[in-house]
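Note sheet for the following structure.
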Amino acid sequence: MVAGLRGRGLVFSERVEEALLKVPRHLFLPESARSQAYRDSPLPIGDGQTISAPHMVAMMAEALDLRDGQKVLEIGAGSGYNAAVMAELVGPQGKIITMERHPSLAEKATKILLEAGYANVQVVVGDGSLGHPEQAPYDRISVTCGAPRVPGPLAEQLREGGTMVIPVGGLDYQSLLRVRKQSGRIMTEDLGSVVFVPLIGEKGHPSQ
Ligand code: SAM
C-alpha cells in the first residue's frame with residue numbers, strides 16, 4: 001500500500017513513508033473491516049464515521065511537514081489512526097491532542113492508542129470547532145472533517161509560524177487548505193478538492 005502511495009507521488013518524504021509503514025492500520029478498524037485495512041479507501045468505524053483513506057492521511061502529513069518535538073492538535077480523532085501516524089512523526093518528545101465529538105469513538109481510539117504504545121497521544125471529547133485552548137498554542141493543526149470556513153478559534157490557537165491543514169467548503173466536497181500564520185497574518189493555499197465528513201459544531205456545520 002505504502003509503495004503504491006509513493007508511486008503515485010502522494011508520499012515523497014522518507015519520514016512520512018516510515019511513519020506509514022510503522023502504524024498497523026488494521027488495529028484501528030472494527031473486525032468486520034480488517035480484511036480491507038491495506039486498501040487505499042476510507043472504511044466505516046461506527047457512529048456513521050470513517051477512517052480516512054491512507055492517501056489522505058499521507059497528503060495531510062506531507063502538507064503539515066511534522067517535526068520532532070512538535071505539539072499538534074487534531075480535530076476528528078475517529079479511529080485514532082491519523083493521530084498514531086502523526087505521533088510517529090513528532091516522536092516521543094512531541095505530543096498529539098486529538099478531539100472527537102462522539103464519546104464512543106473517543107473511548108475506542110484511546111484504548112487502541114494505549115495498547116499500540118502511543119503514550120504521547122491524548123484523546124479529548126468535545127467540540128473541536130472551538131479547539132482546545134487549554135494547551136494552545138499548537139505548532140500544527142490537522143482537521144480531518146470538512147468545515148464551512150476556517151474556525152476562528154483554530155486560527156487563534158495556531159502558533160506564530162505554525163501550519164494548519166483543513167478541508168473547507170460545502171457538505172458534498174471541500175478544498176483542502178494549508179493555512180500558515182506569519183507575523184500575525186493568515187495565508188491560505190488551496191491543495192485541491194477532497195471529500196470529508198462534516199465538522200459538526202458551534203463554528204462548524206449545524207447537526208441535523
Ligand atoms: N482522523 C480519523 C482517523 O484517523 O480515523 C478520521 C476522522 S473522520 C474522517 C472525521 C471525524 O471527525 C469523525 O470521527 C467525526 O465524529 C469527527 N468530528 C466531526 N465534527 C467534530 C467536532 N466538532 N469535534 C470533534 N470531532 C468532530
Side-chain angles (χ1 to χ4, degrees), residues 1-30 32-67 70 72-91 94 96 98-100 105 108-109 112-113 116 118 121 128 140-147 150 163-180 188-199:
M1 180 187 84
V2 178
L5 296 176
R6 190 175 254 285
R8 287 156 64 198
L10 295 162
V11 172
F12 46 84
S13 70
E14 271 178 30
R15 299 186 81 244
V16 171
E17 181 172 10
E18 276 169 23
L20 289 169
L21 286 170
K22 273 191 195 155
V23 183
R25 190 171 183 248
H26 67 275
L27 290 185
F28 294 84
L29 287 168
S32 55
R34 283 194 173 178
S35 62
Q36 299 170 69
Y38 298 98
R39 283 173 50 177
D40 185 19
S41 62
L43 293 164
I45 53 170
D47 283 303
Q49 304 303 320
T50 51
I51 183 172
S52 304
H55 74 264
M56 196 50 64
V57 173
M59 262 182 75
M60 293 180 85
E62 292 286 13
L64 282 167
D65 187 26
L66 294 157
R67 300 279 145 199
Q70 287 180 333
V72 181
L73 177 67
E74 179 186 33
I75 310 303
S79 67
Y81 173 71
N82 187 51
V85 172
M86 295 196 296
E88 292 287 353
L89 286 159
V90 299
I96 312 292
T98 181
M99 296 190 71
E100 176 52 57
L105 290 179
K108 276 187 257 177
I112 297 167
L113 285 160
Y118 291 101
V121 180
R140 300 287 186 265
I141 299 180
S142 177
V143 184
T144 64
C145 35
V150 177
T163 303
M164 165 165 41
V165 174
I166 176 169
V168 172
L171 292 173
D172 294 339
Y173 68 93
Q174 306 86 32
S175 297
L176 186 64
L177 302 184
R178 175 159 51 192
V179 176
R180 289 193 168 108
T188 306
E189 188 186 344
D190 188 341
L191 303 178
S193 289
V194 291
V195 178
F196 276 86
V197 295
L199 172 81

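If you read the sequence from its start, that first residue is 1, and numbering goes on from there.
Contact between Leu113 and Ala84 at its shortest, heavy atoms only, is CD2-CB, 4.0 Å. A pairwise comparison of heavy atoms in Met164 and Val150 identifies CE-CG1, 3.7 Å as the closest pair. Met60 and Phe196 make their closest contact through SD-CZ, 3.8 Å (heavy atoms, listed as atom of the first residue, atom of the second, distance). The two atoms that bring Met1 and Pro54 nearest to each other are SD-CG, 3.5 Å, heavy atoms only. Closest of all the heavy-atom pairs between Leu191 and Met59 is O-CE, 4.4 Å. Residue Leu27 comes nearest to Arg34 through the heavy atom pair O-NH2, 3.5 Å, listed as atom of the first residue, atom of the second, then distance.
Residue Ser52 holds its OG atom at 8.5 Å from CZ of Arg25, rounded to the nearest 0.5 Å. Here the straight-line distance linking atom CG of Asp47 with atom CD of Glu100 works out to 8.0 Å at 0.5 Å rounding. Separation of atoms CD (Gln70) and OG1 (Thr163) is listed at 8.0 Å; rounding is to 0.5 Å. The CD1 atom of Ile96 sits 8.0 Å away from atom CD of Glu74, with the distance rounded to the nearest 0.5 Å. Rounding to the nearest 0.5 Å gives a distance of 8.5 Å between CG of Leu29 and CD1 of Ile45. With rounding to the nearest 0.5 angstrom, the CD1 atom of Ile51 is 11.5 Å from the CG atom of Leu105.
Atom OH of Tyr38 has more than 12 neighbouring heavy atoms from other residues, nucleotides or ligands inside a 6.0 Å radius.
Within the 4.5 Å cutoff, the side chain of Arg140 has no heavy atoms near those of the Val90 side chain. For the pair Asp40/Arg8, a side-chain contact is recorded, criterion being any heavy-atom separation below 4.5 Å from C-beta on. Using a 4.5 Å cut-off on side-chain heavy atoms (C-beta onward), Ile141 and Val72 make no contact. Two residues are said to be in side-chain contact when any heavy atoms from C-beta on lie closer than 4.5 Å; Leu73 and Ile75 meet this criterion.
Taking the salt bridge (charged side-chain N to carboxylate O under 4.0 Å, His left out) definition, one finds that Arg178 meets it with Glu189, sequence neighbours left out.
Side-chain atoms of Glu88 never come within 3.5 Å of backbone atoms of Leu20 as a donor-acceptor pair (strictly under, hydrogens ignored). Distance alone, capped at 3.5 Å, places no donor-acceptor pair between the Glu17 side chain and the Val11 backbone.
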> Where do Leu177 and Asp190 land on the side chain to side chain contact (heavy atoms under 4.5 Å, CB included) test, with the steps shown first?
Replying inline: CA-CA 5 Å; Leu177 302 184; Asp190 188 341; 4.3 Å; yes
